[in-house]
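Here's the structure, in C-alpha cells; my notes come after.
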Amino acid sequence: MPERFVLSINEKAFLKDLSTRPLTVKQFIEHALYHPLNGYYMTHPVFGAAGDYTTAPEMTQIFGELLAIWHLNYFAKLPTPPSSIALIELGPGRGTLMADMLRVFQRFPKFYDLLKVYLIEISPALKNIQRQKLAGHPVEWVQTLEDTSPSDVTFIIANEFFDALPIEQYVWIDEHWQTRQVGFVDGNLDFLGPKDVPIRQSCPDYDVYMQAINQRLKTSRGAAVMIDYGDDTDVGHIHGDTLQALHQHRPTSPFENIGHQDLSHAVDFGALKRQVDPILKTHLTTQRDFLLQLGLEQRLMALCQQAPPYEAMALKTAVARLVAPSAMGTLFKVLTIQTP
Ligand SMILES: C[S@@+](CC[C@H](N)C(=O)[O-])C[C@H]1O[C@@H](n2cnc3c(N)ncnc32)[C@H](O)[C@@H]1O
C-alpha cells in the first residue's frame with residue numbers, strides 16, 4: 001500500500017475493501033466526500049478564497065442579492081398573494097447565499113413575514129457555520145425535500161449542489177458501455193482498465209432530487225433555480241470524463257489528498273431537463289445572461305459608489321469573474337423550473 005494513500009485516508013475498512021474488490025467511480029466518490037470519518041464534506045470542507053475552491057456567493061454579495069430580486073419579481077407577478085412561502089436550499093455551504101438573500105427579503109416584510117427557510121445539508125461542519133450565519137431567521141434543517149411542510153408558494157434554490165453529487169462513469173470497451181472501476185494498479189490507486197476510451201457519466205441522484213422537485217411543484221405554486229457548471233447535453237455537448245478534483249484551487253488527481261479535496265463533475269443539464277415534469281416550464285440560460293438581466297451592472301455601480309477604491313476594485317474583479325465568458329459567465333448555466 002503506498003504510504004501517501006495510507007497517510008491521507010487512514011481508514012482501514014476502506015483500504016481492506018479496495019484491496020480485495022474494486023469500487024465503482026460513484027462508490028469511490030461517495031467514500032471520498034461522505035465517509036463519516038474521512039469524507040471531505042463530513043470533516044473539513046474548505047471553500048471560499050482561502051479554501052480549495054470558491055463559489056459565486058463567496059465572491060460577492062451581489063450574487064445573492066440578484067437571486068433575491070429574481071424571487072421578489074416572481075412574487076410580485078403572482079395573481080393572488082400567497083399565504084405562506086417555503087424557501088428550500090440544497091447544499092447551502094457556508095450559508096452565505098441564503099444570508100445575502102434574506103438581508104434583501106427583510107426589506108420586503110410582505111415577503112419575509114410569510115417565509116420559512118429549509119436547508120438540506122449533509123455536512124455537520126457546514127451546518128454549524130450555517131447556524132451561526134443565519135441565527136435569528138426562521139430556518140430549519142431537514143434531510144429531504146419531503147420533510148418540509150406544505151406551503152402555498154415554494155422556492156427551491158441550488159448553487160453548485162448538483163455538481164457535488166457522486167457520478168457513475170462508463171467506459172466503451174469491447175463494443176459495450178462498462179461501469180468504470182477504481183482499484184489498485186501497481187500499488188497505486190487508479191482507474192482500472194484501458195485509458196483513452198470513450199467515457200460517459202450518469203448521476204443517479206439527479207433523479208431523486210428532480211422527482212422530489214416535480215412532486216413539490218405539482219402541489220404548490222413556485223419555482224426552482226439551479227446554478228452549476230455544465231452543459232446542455234441535449235444540444236450537442238457530450239460529456240466525457242468530467243470528474244474534477246480541486247485542492248487549494250489547483251486541479252489534482254482524484255486519488256490525491258482523498259478526503260482533503262473537492263470532487264465534482266460538469267452537470268448534465270440535458271439530463272436534468274429531461275426529468276422535469278412536462279406541466280412545468282423550464283428555461284436554461286448562462287449565468288452571464290441571467291445576472292446581467294437582473295441588473296448586475298447597475299448594482300455593481302451603486303455599491304462601488306459607496307465603497308473605498310480598493311473595495312470597489314475587488315467588487316469589479318469578482319463581478320467580472322461571474323460573467324466573463326472566459327471565467328464563469330458561460331461555463332455556468334442557470335436552469336429555472338416554474339409552475340405554469
Ligand atoms: C460545492 S458546495 C456549494 C455550497 C454553496 N451552495 C455555495 O454556492 O457556496 C456543495 C454543498 O452541497 C453540500 N452537499 C454535497 N452533497 C450533498 C448531499 N448529498 N446532500 C446534502 N448536501 C450535500 C455540501 O456539503 C455543500 O454545502
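Start at 1 and go down the list; that is how both ligands and their atoms are numbered.
For R216 and S151, the side-chain atoms include at least one donor-acceptor pair closer than 3.5 Å.
In terms of polar-atom proximity, F161 is not counted as a contact of ligand 1, lacking any N or O under 3.5 Å from an N or O of the ligand. Of the N or O atoms in E160, none lie within a sub-3.5 Å distance of an N or O in ligand 1.
The shortest heavy-atom distance from L126 to ligand 1 is under 4.0 Å. Taking a 4.0 Å cut-off on heavy atoms, Y40 fails to register as neighbouring ligand 1.
Atom CD of E297 sits in a sparse spot, with 12 or fewer heavy atoms from other residues, nucleotides or ligands closer than 6.0 Å. Annotation: K110, atom NZ; neighbour count of heavy atoms from other residues, nucleotides and ligands within 6.0 Å does not exceed 12.
Per-residue contacts place Y209 under 4.0 angstrom from the following atoms of ligand 1 (heavy atoms of the residue considered): 20 (N). The contact set between ligand 1 and T55, taken as ligand atoms under 4.0 Å from a residue heavy atom, comprises 7 (C), 8 (O), 9 (O). Near N159, the atoms of ligand 1 lying under 4.0 angstrom from a non-hydrogen atom of the residue are 3 (C), 5 (C), 6 (N), 7 (C), 8 (O). Listed by number with element, the atoms of ligand 1 under 4.0 angstrom from any heavy atom of P57 are 7 (C), 8 (O), 9 (O). Against a heavy-atom cut-off of under 4.0 Å, S123 is close to the following atoms of ligand 1: 25 (O).
A search for side-chain contact (heavy atoms from CB on, under 4.5 Å) contacts involving E168 returns T24, V25, K26, Y170, T179, S202, not counting sequence neighbours.
The heavy atom nearest to atom 6 (N) of ligand 1, out of those in G39, G93, G91, is found in G91. Counting heavy atoms only, Y34 comes closest to atom 18 (C) of ligand 1 of the residues F162, Y41, Y34, Y53.
The hydrophobic cluster around V171 extends to I173, V197, I199, counting ILVMFWY residues whose side-chain heavy atoms fall within less than 4.5 Å of a member.
A salt bridge is defined here as a Lys NZ or Arg NE, NH1 or NH2 lying under 4.0 Å from an Asp or Glu carboxylate O, and D190 with K195 meets this definition. Ion pairing of K218 with D277 is present here, as a side-chain N (NZ or NE/NH1/NH2) and a carboxylate O approach within less than 4.0 Å.
Of the inter-residue distances, the one linking R180 atom CZ with Q169 atom CD reads 5.0 Å to the nearest 0.5 angstrom.
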